[in-house]
Amino acid sequence: MSVTQHAEPAVTAPPAPGPKETDGRTAQRPLALRLLARPEVGVFLGAVAVYVFFLVSAPPVRDGSSMANVLYQSSTIGIMALPVALLMVGGEFDLSSGVAVITSALTASMLAYQLSMNVWMGVLLALLVSLAIGFLNGWLVVKTGLPSFLITLGSFLILQGVNLAVTKLVTGNVATDDISDMDGFDQAKKVFASSFEVGGVQVKITIVYWLVFAALATWVLLRTKYGNWIFAVGGNKESARAVGVPVTFTKISLFMLVGFGAWFVGMHNLFSFNTVQSGEGVGQELIYISAAVIGGCLLTGGAGSAIGPVFGAFMFGMVQQGIVYAGWNPDWFKAFLGVMLLGAVLINLWVSRTATRR
Amino acid sequence: MTSNETGAPVVELKAAGKSYGNIRALHGVNLTVHAGKVTCVLGDNGAGKSTLIKIISGLHQHTEGEFLVDGGAVRFSTPREALDKGIATVYQDLAVVPLMPVWRNFFLGSETTKGPWPLRRLDIEGMKKTADRELREMGIVLDDLEQPIGTLSGGQRQCVAIARAVYFGARVLILDEPTAALGVKQSGVVLKYIAAARDRGLGVIFITHNPHHAYMVGDHFSVLRLGTMELNASRDEVSLEELTNHMAGGSELAALKHELSQVRGVDVEELPEAGDLVAPVASGE
């Protein structure tokens, strides 16, 4: 019964290399359309539109120092929006990023004050605490496989409570003590919260950090292995793992990067205001996430950029300050924010559909 | 046995099995993969095909029996280790990231870099050039390597995944149902790449539930049923008809035929007799 007609496999011919240079079946879309499909270009146009709008409707904006103010406002959002955006490209979110900023500032301030240490010791310990929080968030997300929304919602509530309770316990107050006369304060202030003069306008140093970090993040995202891995773990975690991408390392390190950002902004807050209000930071996480989404980062991960969130943060800073300069009720800010977010989400949806269309 | 199969196998499973807790997904599986040969693993849904490739590709570990690569016992804990041994898997979902460009997908997880450390960066030009060359060699010509891989057709994506595995020094290529979701013509294209990979000296493990596709390119056939091997035969020991019968249910089908013959209006004359279904049974050659 085991007699066969073919002793050799039927298919033997290796495929011949195609003679044509291109298969000619994919027509190039017009350049303008291809550019518009880039989320960064969309948000750039949006930022220009918002800028022009306030330039026209709020004359004080035209002043150089107002612009420096707008950029400062944008930079404090933007520095955090960058790691939040990278994390989002990597397919996760961090709802605790807003209160984590305050946690970091409180840690540095209270440790330095209570133990009468050089403030740099507090700064260093705060960095460790922030990285540890990021690590814990990432580790829990990776090990449990639960949505990061749930895990970080938990850490958000924990940190919010701990911030208030521990501050009250230690200082007997809702704010920390003024540390401006402590050793190392002036030095740290120079690093985290100084300003310099450009053409008669005081420019905050955070603007420089913001742009440097953005350039660095862009380079990492597009030109390094690690950047490739970020896109891969966000785009398809199982595929990434199957081809040998260290998924666990990539995800956890992204959460730790958010921790680093929280530390940096926390230190800025501490050294520009000398004290920290323990109840602050709630709601900021949504601003960071919104800036990343407006900047073209796909909420579900796998697509986005670092330059997009820069424009996203600028739009927020512009609107926030522009409303003040225009003399309107600042309550309008949140409404503006919502409109921009919805618009960006709709554009994002269209982009991802275009990209995956056959 | 043909003379080519007498060489040492690259991958060999000896009475291998896998249990998840008290559920035995796979038991007593013998499988040999030789360079330049296509070993087909057939089986219905739930027969243990996926478990088998997960063991070989390093996603899971076997819990009984032996798993040998080049004659030495191994136990992979990550897919990376399997890759380092030259065992590459093209999964059903192809392990591609749809939104990423073709060339980034091609090199994902094995990116090449240039420059000293702080400035070490992806060798984008080099990677694009290599990807283009490798794809052309497999007969795939793409207009734009920057297009997201999600925009390619199913057959094209499959071929990119195969070309990728071949380029990264795979000696054993595991293809998980590569033709399952494809049309007739695209399946033909994929079968050609399987033949091309075989002719380049790779050992191919071709997982499928289509005996016709398997018989087109296969040198050795293993049929899995409920986690054990039902058939383990080389090409000259089994005909396409027998293979189809085994796949279609074999002895179960004969029993079903008997039942159906009790029902009026069902013509069972054309169905095979139980006696026709006697074929070399897995016996650990």
Side-chain angles (χ1 to χ4, degrees), chain A residues 1-28 34 89 219-220 222-229 231-247 298 300-304 351-352 354-358, chain B residues 38 57 59 78-80 83 89 91 93-100 104 107-111 113 120-122 124 136-144 147-148 150-153 189 191-196 198-200 215-219 233 235-240 242 276 278-280:
Chain A
M1 286 312 297
S2 59
V3 180
T4 60
Q5 287 96 331
H6 324 280
E8 280 304 307
V11 179
T12 47
K20 290 171 291 177
E21 275 302 298
T22 61
D23 69 357
R25 283 184 300 179
T26 47
Q28 282 281 32
R34 271 185 294 146
V89 173
W219 190 77
V220 165
L222 297 178
R223 292 283 180 273
T224 67
K225 272 189 188 193
Y226 183 68
N228 225 24
W229 296 346
F231 280 111
V233 298
N236 190 334
K237 192 174 65 177
E238 276 71 37
S239 295
R241 181 167 136 75
V243 294
V245 171
V247 174
L298 209 56
T300 45
V351 167
S352 69
T354 314
T356 50
R357 192 192 297 150
R358 299 236 187 103
Chain B
V38 179
S57 63
L59 278 169
T78 65
R80 185 82 251 169
L83 278 173
T89 311
Y91 294 94
D93 62 5
L94 302 179
V96 294
V97 183
L99 283 172
M100 289 177 81
R104 280 189 190 262
F107 279 91
L108 187 58
S110 313
E111 299 87 351
T113 51
R120 192 175 297 152
R121 59 204 182 275
L122 295 176
I124 293 177
R136 273 168 203 275
E137 232 159 75
M138 291 291 272
I140 312 156
V141 182
L142 297 176
D143 288 332
D144 181 10
Q147 62 180 310
T151 60
L152 300 185
S153 72
V189 173
L191 289 175
K192 268 202 271 179
Y193 294 128
I194 294 176
R198 177 197 64 200
D199 292 347
R200 288 176 80 156
Y215 212 73
M216 293 264 210
V217 292
D219 296 293
R235 188 179 189 82
D236 46 12
E237 291 170 333
V238 65
S239 70
L240 174 59
E242 286 164 339
D276 294 341
V278 179

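Computed over heavy atoms, backbone and side chain alike; hydrogens, waters and symmetry mates excluded. Protein chains get the first letters and strands the later ones, always in sequence-line order, with residue 1 at the start of each.
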Here the gap from Arg120(B) atom CZ to Lys225(A) atom NZ, rounded to the nearest 0.5 Å, amounts to 8.0 Å
Decide side-chain contact (heavy atoms from CB on, under 4.5 Å) for Arg104(B) and Leu222(A); before the verdict, give the C-alpha distance in whole Å, the side-chain angles of both, and the deciding distance to 0.1 Å. CA-CA 10 Å; Arg104(B) 280 189 190 262; Leu222(A) 297 178; 4.2 Å; yes
Side chain to side chain contact (heavy atoms under 4.5 Å, CB included) filter on Leu59(B), not counting sequence neighbours, yields Arg241(A), Lys54(B), Ser57(B), Pro79(B), Tyr91(B)
On a heavy-atom basis, the closest approach of Leu298(A) and Leu99(B) is CD2-CD1, 3.7 Å
Under 4.5 Å to a heavy atom of chain A? For Leu108(B) that would be both
Turns out that what part of Arg200(B) lies under 4.5 Å from chain A's heavy atoms comes down to neither
Applying a strict 4.5 Å limit to non-hydrogen atoms, the region of Thr113(B) in contact with chain A is side chain
Greatest number of non-hydrogen atom pairs under 4.5 angstrom with chain B, of Lys237(A), Glu238(A), Arg223(A), falls to Arg223(A)
Hits for side chain to side chain contact (heavy atoms under 4.5 Å, CB included) against Ile194(B), two or more places apart or cross-chain, chain-then-number order -> Val38(B), Leu175(B), Pro178(B), Val190(B), Leu191(B), Val204(B), Phe206(B), Val217(B)
In this structure, CG of Asn228(A) is separated from CE of Met100(B) (nearest 0.5 Å) by 4.0 Å
CH2 (Trp219(A)) and CG (Leu122(B)) are apart, to the nearest 0.5 Å, by 8.5 Å
For Val97(B) and Gly235(A), the nearest pair of non-hydrogen atoms, with its separation, is CG1-CA, 3.5 Å
Test side-chain contact (heavy atoms from CB on, under 4.5 Å) on Thr224(A) and Glu111(B); report intermediate values, then the result. CA-CA 9 Å; Thr224(A) 67; Glu111(B) 299 87 351; over 6 Å; no
